[in-house]
Amino acid sequence: MTAKRGTTTRGYINRNPLNIRYSERNKWVGQTGRDSGGFCKFSAFIYGIRAAVLIMKKYIERGDNTIPRIISNWAPETENLRTKYIQFVTQKTRIAADTKLSIYDRSKIIAILDAMIRVECGNLELQSSWLGAGYDLAVTTPKNKQ
């Protein structure tokens, strides 16, 4: 049996579909450790998505609130073809590159996350309910919980 596209990627195996790097500072809900490459491991995809939304929220709050600014922070140039990454996400989401984003625009943020996951994990498609649940956990969790 052949694996579905994206299911053998680091992000899929770690349930970290946006390939968040491990940091001692972050004690993410649902985090179970890190892999040998220094990436977070989560117990479920919704926790990996939740952490990604919280990171994105920090970017947006400090003024990095467009797709190019988010991806420029997210994806190191040494590991990514950033221009192509940005082009893919803007085309897939049909959100203009200069659109100012709000973390509270659920549909746009979920669309951006879905497109970024496809870049990060080789076209991995996650259930939209997982994306929504991860988003909802991030925006409804009290500030004192990470």
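Every value quoted in this text rests on a predicted model; they were computed, and no experiment measured them. Any value given below was found using the heavy atoms of this structure, including those in side chains, with hydrogens, waters and symmetry copies removed.
- The nearest pair of heavy atoms linking Pro17 to Cys121 is O-SG, 3.3 Å.
- For Ala75, the side chain to side chain contact (heavy atoms under 4.5 Å, CB included) partners are Ile71, Asn80, Tyr85, not counting sequence neighbours.
- By the side chain to side chain contact (heavy atoms under 4.5 Å, CB included) test, Gln127 pairs with Ser129, Trp130, sequence neighbours left out.
- Sorted by first and then second residue, the salt bridge (Lys or Arg N to Asp or Glu O under 4.0 Å) pairs involving residues 102-115 (not counting sequence neighbours) are Asp105-Lys108, Arg106-Asp136, Asp114-Arg118.
- Side-chain heavy atoms closer than 4.5 Å link hydrophobic residues (I, L, V, M, F, W, Y) into clusters, and following such links, even through other members, never connects Ile20 to Tyr22.
- Nearest heavy atom pair, residue Met56 against residue Leu113, reads CE-CD2, 3.6 Å.
- Nearest approach of Ala97 to Thr66, heavy atoms of both residues: O-CB, 3.3 Å.
- Under the 4.5 Å side-chain heavy-atom criterion for Ile, Leu, Val, Met, Phe, Trp and Tyr, Val139 and Leu101 are members of the same hydrophobic cluster.
- Annotation: side chain of Ile103 is in contact with side chain of Ile109 (closest heavy-atom distance under 4.5 Å).
- The side chain to side chain contact (heavy atoms under 4.5 Å, CB included) search around Lys41 returns Asn14, Thr32, Asp35, not counting sequence neighbours.
- In the hydrophobic cluster analysis, where Ile, Leu, Val, Met, Phe, Trp and Tyr join through side-chain heavy atoms closer than 4.5 angstrom, Val53 is grouped apart from Phe39.
- Considering every non-hydrogen atom in both Gly37 and Arg21, the closest pair reads O-NH1, 3.3 Å.
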Checklist entry - Under the side-chain contact (heavy atoms from CB on, under 4.5 Å) criterion, do Ile55 and Trp28 qualify, and how do the steps go? => result CA-CA 11 Å; Ile55 293 168; Trp28 299 115; 3.9 Å; yes
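- Here the side chain of Asn73 pairs a donor or acceptor atom with the backbone of Arg69 at under 3.5 angstrom.
- Contact between Ala52 and Leu18 at its shortest, heavy atoms only, is CB-CD1, 3.4 Å.
- Evaluation of the ring pair (Phe, Tyr, Trp, His ring centres under 6.0 Å) test over residues 93-124, restricted to residues two or more places apart or in two chains, returns none.
- Applying the side chain to side chain contact (heavy atoms under 4.5 Å, CB included) rule to Arg15 yields the partners Phe42, Phe45; only residues at least two apart in sequence or on another chain are considered.
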